Structures are given as C-alpha cells and as structure tokens.
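None of these values were measured; they are calculated from a predicted model.
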2 protein chains.
Amino acid sequence: MQRVTIADVAKLAGVSKQTVSRAINNKGDIGESTKERVLEIARNLGYRPSRFARGLRIGESVTLGLLLFDLSIPYYPDLASQILQSAGKQGWNVVIGDAQGEWRRELDVLQVLARQADVLIGQVGSSDTVLLREFPGLPMVLLDHDAGSSGFGSVCIDFISGMRQAVDHLIKIGRRHIGIIDGVKWDRPPSPRRIAAEQRLREHGLVTGDEWSAAASPHAVTSGEAALAELLTRQPIIDGVICFNDQLAIGAMRELKRAGRNVPADVAVVGFDGLRVGGLVEPALTSVRIDNRQLAELAVRDAIRLLTVPKAPQKESLVVTPKLIVRSSA
Amino acid sequence: MQRVTIADVAKLAGVSKQTVSRAINNKGDIGESTKERVLEIARNLGYRPSRFARGLRIGESVTLGLLLFDLSIPYYPDLASQILQSAGKQGWNVVIGDAQGEWRRELDVLQVLARQADVLIGQVGSSDTVLLREFPGLPMVLLDHDAGSSGFGSVCIDFISGMRQAVDHLIKIGRRHIGIIDGVKWDRPPSPRRIAAEQRLREHGLVTGDEWSAAASPHAVTSGEAALAELLTRQPIIDGVICFNDQLAIGAMRELKRAGRNVPADVAVVGFDGLRVGGLVEPALTSVRIDNRQLAELAVRDAIRLLTVPKAPQKESLVVTPKLIVRSSA
DNA sequence: ATGAAAGCGCTAACAC
DNA sequence: GTGTTAGCGCTTTCAT
C-alpha cells in the first residue's frame with residue numbers, strides 16, 4: 001500500500017527529504033516557491049506520509065480501542081458516542097471494533113484492536129482468565145464485567161440500586177403482581193439485573209421465581225413480545241413487568257397492547273437503559289437510565305490510570321448508579 | 001506513553017532484541033525456557049510493542065477513517081455498523097471520528113483522522129475546494145456530497161427516485177394536499193430531498209412551494225413537531241406530509257396526534273431513511289429506506305479503488321437507490 | 001537456538 | 001532557506 005516515500009518526492013524535486021518534510025508539514029524555514037513546487041510534485045506522485053514512520057518519530061498519540069458488541073443495537077451508539085467524546089478530550093484516537101452481535105467474534109475483534117490500540121475499553125464477554133492469557137500486558141477497562149479485577153480497569157453498573165428504583169416505582173403505583181423479562185446471554189444463568197429485581201421484590205413481600213419470569217434474547221423487540229406472551233399465559237393476573245432492557249420492554253408493551261391490555265393502566269412496564277427511543281413509543285416508556293456519559297468518563301479516566309501506572313496498584317471499583325426516569329405511569 | 005522498549009526487555013533478560021521479538025510473536029527458533037523467561041520479564045516490565053515501529057517494519061495494514069456527523073443520531077449507527085462490516089471484510093482497521101453534531105468541528109476531526117488513516121469515508125459538509133486545500137492527496141470517499149468529483153470517491157443517494165416513490169405512494173392512497181417538512185443544514189437552501197419531492201408533486205399537478213413546506217433542524221424530533229404545527233396553521237387542509245427524514249416524520253406524527261388528527265387516516269406521513277425506530281412508533285412509519293449495507297459496500301469499494309489507483313482515472317458516480325417501505329397506509 | 005547488523009520512512013537537531 | 005546526520009522501535013536477513 002505504502003509505496004511512494006518522502007525520498008521519492010525529494011529526488012524528483014531535487015531537494016532533500018527534510019525540505020519535503022517541511023513543505024508537507026507547513027513548517028517554516030522554507031521558500032514559498034520551493035514549497036509550492038514540492039507540494040505539487042508530492043501531489044502528482046500521490047505521496048502520503050507513512051503514519052507509522054511519523055508516529056515512530058513523534059512518539060506521542062494514544063489510541064484507544066473500543067470494543068462493542070453490536071453498534072446496530074440501540075444501546076451501543078450512545079455509549080460509543082460518549083466514549084468518543086471523552087477520549088477526544090484527551091486527544092486520543094479511537095479505533096472501534098464491533099463483534100456484530102456475535103460473542104464468538106469477540107476474541108478475533110480484540111486481537112485486531114490489540115494490535116492497533118494502546119489501551120482497550122469494552123463490554124467484554126470473555127472471562128478475565130482468557131483475557132489475561134490472550135492479551136498479556138494489554139491495559140483494558142472492562143465495562144459491566146463480573147471479573148474480580150485482575151489488574152484490569154473496570155466500571156460497573158449498580159443494578160441493585162437501579163432495580164430497587166424500578167420495583168419501588170411499580171409498588172408505589174399500586175402494582176403487586178410483577179413479572180420479569182430477563183435477557184440472557186448464553187441461556188442459562190439469571191442476569192444480575194433479574195437477581196437484583198427479584199431481591200427487591202422479595203423485600204416487598206412479593207413472590208418471585210421462574211413462574212414470574214421469562215427469558216428472552218436481549219436485543220430483539222420480538223423476543224420481548226414472545227417473552228411477555230409467555231408471562232401472560234402463566235400469570236394472567238400480572239399488573240407490572242420489569243424488563244432487562246428497553247428493547248425487551250418495548251416488545252412487551254407491544255404484545256400487551258395486542259393482547260388487549262391497557263398500558264400502563266392494566267399493566268405497567270419498566271425498562272432499563274433509558275434509551276431515547278423509549279420516549280417515542282406510545283405510551284412513553286418508563287425506564288432506569290444508565291448515564292453513559294458518566295460511564296464513559298469513568299472508563300477513560302481508568303484507562304488513563306492504567307496507562308500512567310502500568311503496575312496497577314489496586315483500586316476501588318468504579319460504579320455508575322442508574323436513575324429511574326418516569327415517562328408515563330399509572 | 002511508549003516508554004519501555006524491546007531493548008529494555010532484552011537487556012534485563014540478558015538476551016538480544018531478536019530473541020525477545022521471537023518470544024513476543026510466538027516465532028519458532030527459540031528455547032521454551034528462554035521464551036517463558038523473556039515473556040515473564042516483558043510482563044513485569046509492562047512492555048507493549050510499539051505499533052508504529054512494527055507497522056513501519058511490516059508495512060501492511062490499511063486503516064480507514066470514518067467521519068460521522070453524530071453517532072448519537074439514529075441514522076449514523078447503522079451506517080457506521082455497515083462500514084465497519086465492509087471494512088472488516090477487507091481486513092481493514094477503522095478509526096472513527098465524530099463531529100458530535102457540529103459542522104464546525106468537522107475540519108478538526110478530519111485533521112485528526114487524516115493523520116491516522118490511509119483513506120477516509122464520510123458524509124462531509126465542507127466543499128471539495130476546502131478538502132482539496134486542507135488534505136491534498138488524501139484519498140476520500142464522500143457520501144451524499146454534491147461536489148463535482150475532483151478526484152474524490154463518491155457515493156450518492158438517488159433522492160429523485162426515493163421521493164418519487166414517496167409521492168406516488170401518497171397519491172395512490174388518495175392524498176392531494178401534501179406538505180413537506182424539510183431538514184436544512186445552515187438555514188437557507190432547500191435540500192435535494194425537498195427539491196426532488198416538489199418536482200414529483202408538480203408532475204402530479206399538485207401545488208408546491210414555501211406555502212406548503214416548513215423547514216426544520218434535521219435531527220430533532222421536536223423540530224419535526226414544530227414544523228408540522230407551522231404547516232398545519234398554514235394549510236389546515238393538509239392530508240399528507242413528506243419528511244426529510246424519519247426523525248422529523250416521527251415528530252410530525254406526534255404533533256398530528258396532539259392536534260387531534262388521525263394518522264394515517266386524516267394525514268398520512270412518509271419519512272426518509274427507513275430507520276428501525278420507525279417500526280416501533282404508533283402507527284408504524286412508512287419511509288423511504290436507504291440501504292446502508294449497499295452504501296457501505298460501494299463506499300469501501302471506491303476506497304479500494306482510490307488506494308489502488310492513486311491517479312484517479314475517472315469514474316461514473318456510484319448511486320444507491322432507496323426503496324419505499326410501507327409500514328402503514330391509508 | 002541465538003545474536004549482529006541493517007533499515008523500514010520519517011523528523012529533530014544541527015550544520016551550512 | 002536548505003542539506004546532513006542520526007535514530008525512533010521494531011523485524012528481517014544472515015551469521016554463528
């Protein structure tokens with residue numbers, strides 16, 4: 001790819017490489033006419049400076065690798081946007097890797113990012129054992145990862161608090177028969193979100209368990225619809241639903257309406273994430289909003305720490321506390 | 001940032017740089033025990049190979065710079081996702097620059113990207129004159145840009161066809177009083193979308209012009225609401241609205257409902273872009289869908305051309321034809 | 001199995 | 001204003 005070098009331009013222009021460099025970079029100490037001529041020749045040759053050589057020389061510039069599960073899923077663009085912004089404030093470049101919605105692609109994508117970036121941030125599915133083995137020494141900030149921080153940076157989301165707010169809201173508007181639609185990654189284990197919600201429900205003396213919940217693939221509205229249908233069959237009495245995220249919540253609302261239930265009068269729905277799209281559906285979706293701006297700030301700050309203090313000293317884990325936004329209730 | 005080098009590791013391990021290199025890169029011709037020891041030391045030192053030095057040596061690897069106007073606007077994530085995918089197929093890395101919704105940031109962002117990338121793709125607001133001056137020799141593929149291709153790559157969207165489909169649909173379902181909500185960048189000029197729509201409306205013998213259109217800031221639902229209110233005041237008889245994009249269309253629908261009009265029975269709304277969110281609102285939004293997958297494929301292919309044939313030979317402009325998707329009508 | 005030397009393309013420092 | 005020298009950190013010969 002990188003064929004024509006500064007030397008080629010210099011030779012053709014009959015000047016030294018240094019002069020070409022000056023022309024290209026708009027430095028001083030160069031005659032206007034020489035500059036023009038050199039630039040002209042460079043243009044003709046299709047010369048582009050090698051960013052590697054330049055980077056090697058200059059030596060500055062941090063590149064952040066951002067791993068996303070799927071940019072086409074509504075949650076990630078906002079996260080990415082905020083990370084881009086926070087990283088930009090540091091003058092960092094950002095390379096993005098997208099697993100395109102398939103966890104099995106994750107390691108490949110990480111492999112690519114690892115070669116390009118100085119530090120990584122991402123919502124990573126792999127265990128820290130795997131990460132440690134595959135990417136020894138690579139500074140990484142894990143978002144919402146259950147790993148005991150083994151030298152990794154980490155920012156977590158306080159699901160306990162988030163779900164407490166969700167449950168309390170439903171209780172407050174008089175709901176007593178509350179179902180859960182959980183989003184599950186590889187099928188089996190209940191998510192931390194579900195666990196947190198159930199815990200709070202029990203604190204209110206309500207019944208929880210498999211009879212009151214349905215599992216769904218987390219990123220499809222349709223699977224939210226299916227999950228709600230399932231829930232409705234098992235517990236027709238239901239008057240409130242807490243969902244793993246907004247996608248599923250929107251699906252649940254759709255299915256409820258299709259089933260002739262009034263939302264939120266008959267059945268109130270609460271989502272999680274606080275996506276903007278929740279404000280556009282009918283009725284507007286109440287949700288527990290994750291502050292991605294704050295998440296991004298913390299993640300980047302932690303990335304800075306990893307870069308600054310390679311021998312990670314230890315740290316208290318960073319936590320983002322989501323906040324309920326009531327867009328429509330009762 | 002890049003402090004500890006291969007030489008440091010070598011010295012501390014009492015071996016040569018090459019041996020370290022072999023260990024790091026899992027090459028053969030190295031004793032198992034040496035390898036372990038070297039890796040251990042590298043880990044302790046927090047050594048990370050310089051991607052610049054490596055890149056300079058290896059010399060492969062293409063990096064694509066993607067300029068986005070605003071990743072937090074619903075249109076761009078899908079575009080970005082598709083570009084990421086197309087670029088990934090070529091084994092390219094992608095750095096993303098985001099202007100965060102401000103055109104005036106564009107040049108700065110481009111400046112950053114230009115130093116990182118071998119070729120750029122983006123929906124660029126600046127004129128080709130400016131681009132040529134600021135980034136001489138940088139291969140760029142402009143999306144939906146009105147520039148006479150001055151050596152730039154380019155992929156356009158066929159608004160004529162798209163708006164023909166939109167207008168014809170409204171006509172077909174019996175609408176004869178059709179307004180336009182236009183999205184405008186810096187205020188003044190009617191967008192190509194509006195022009196295309198008006199042209200087709202006139203071909204159907206309908207009245208067009210400023211009396212039948214309202215301008216809105218393109219990326220805010222609320223400005224769609226305001227624009228519709230304005231339209232409704234001027235033309236209460238209105239029974240169809242064509243919008244610059246889906247955001248504005250969703251705003252228009254909201255305002256129509258608020259004004260007591262039935263959508264689509266009283267007033268039918270057509271959007272542009274074909275965002276997925278259009279399928280979630282009530283009623284589902286009929287829209288002219290841009291195939292971002294195809295757009296991305298063409299853009300990347302054109303980027304390849306620019307990289308392969310530096311002296312751009314000439315080209316027919318690449319065009320994506322959007323397609324009407326009727327999600328709810330009459 | 002390991003080391004020495006060369007050089008990728010560029011720019012900072014210093015001559016001239 | 002322009003050229004020369006040196007070297008960024010790495011990998012690729014080629015010796016040993």
Side-chain angles (χ1 to χ4, degrees), chain A residues 1-42 45-63 114-118 137-138 307 310, chain B residues 1-39 41-42 45-63 114-118 136-138 307 310:
Chain A
M1 217 71 263
Q2 198 70 42
R3 313 251 38 252
V4 29
T5 81
I6 198 173
D8 300 325
V9 180
K11 177 150 39 150
L12 205 75
V15 298
S16 73
K17 294 191 291 174
Q18 193 47 232
T19 303
V20 178
S21 177
R22 284 178 182 117
I24 296 291
N25 298 308
N26 248 315
K27 294 284 170 96
D29 287 345
I30 182 175
E32 194 56 36
S33 63
T34 333
K35 181 165 157 186
E36 287 307 324
R37 192 164 48 85
V38 169
L39 284 179
E40 172 65 18
I41 290 177
L45 249 37
Y47 167 70
R48 296 242 68 227
S50 152
R51 65 177 185 288
F52 293 121
R54 180 177 274 165
L56 188 55
R57 227 21 277 230
I58 311 278
E60 303 298 323
S61 130
V62 174
T63 294
R115 305 208 145 247
Q116 273 263 122
D118 303 300
L138 176 60
L307 248 23
Chain B
M1 217 71 265
Q2 196 72 43
R3 314 250 37 249
V4 31
T5 81
I6 198 171
D8 301 322
V9 180
K11 179 152 35 155
L12 205 77
V15 297
S16 71
K17 296 190 291 175
Q18 297 60 18
T19 303
V20 178
S21 176
R22 283 174 183 120
I24 297 289
N25 299 309
N26 248 314
K27 293 286 170 88
D29 286 346
I30 183 175
E32 194 57 36
S33 62
T34 331
K35 180 166 158 185
E36 287 307 325
R37 191 165 47 85
V38 168
L39 284 180
I41 290 176
L45 250 37
Y47 167 69
R48 298 240 70 225
S50 150
R51 63 177 186 287
F52 291 122
R54 182 176 269 165
L56 187 53
R57 254 340 307 219
I58 312 280
E60 302 298 323
S61 133
V62 174
T63 293
R115 305 207 147 246
Q116 272 264 122
D118 303 299
L138 177 59
L307 247 24

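Separating the CD1 atom of Ile30(B) from the C1' atom of dG3(C) is a distance of 12 Å, rounded to the nearest angstrom. Atom pair Lys35(A):NZ and dG1(D):C1' shows a separation of 13 Å (rounding to whole Å applied). Computed from coordinates, the Arg37(B) CZ to dA1(C) P distance equals 15 Å when rounded to whole Å. Rounding to whole angstrom units, NZ of residue Lys11(B) and P of dG3(C) are separated by 15 Å. In this structure, Leu56(B) atom CG and dT12(D) atom P are separated by 12 Å, rounded to whole Å. Between Phe52(A) atom CZ and dT11(D) atom P there is a gap of 12 Å when expressed in whole angstrom units.
Side-chain N or O atoms of Arg48(B) include none that pairs as donor or acceptor with a backbone N or O of Asp118(A) at under 3.5 Å.
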statement: For nucleotides 11-16 of chain C, 5' to 3', base contacts (B), sugar-phosphate-only contacts (S) and non-contacts (-) with protein non-hydrogen atoms under 4.0 Å give BBBB--
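Checking Ser16(B) against Gln18(B) by side-chain atom types alone, a donor-acceptor pair falls below 3.5 Å.
Listed pair Ser50(B) / dG9(D) fails the phosphate criterion, with no side-chain N or O lying under 4.0 Å from OP1 or OP2. For Thr34(A) and dT2(D), the shortest distance from a side-chain N or O to OP1 or OP2 is below 4.0 Å.
Of the candidates Ile6(B), Asp8(B), Thr34(B), Ile6(B) is the only one forming a side chain to side chain contact (heavy atoms under 4.5 Å, CB included) with Val20(B).
Distance check: Lys17(A) NZ to Thr5(A) OG1 gives 7.5 Å after rounding to the nearest 0.5 Å.
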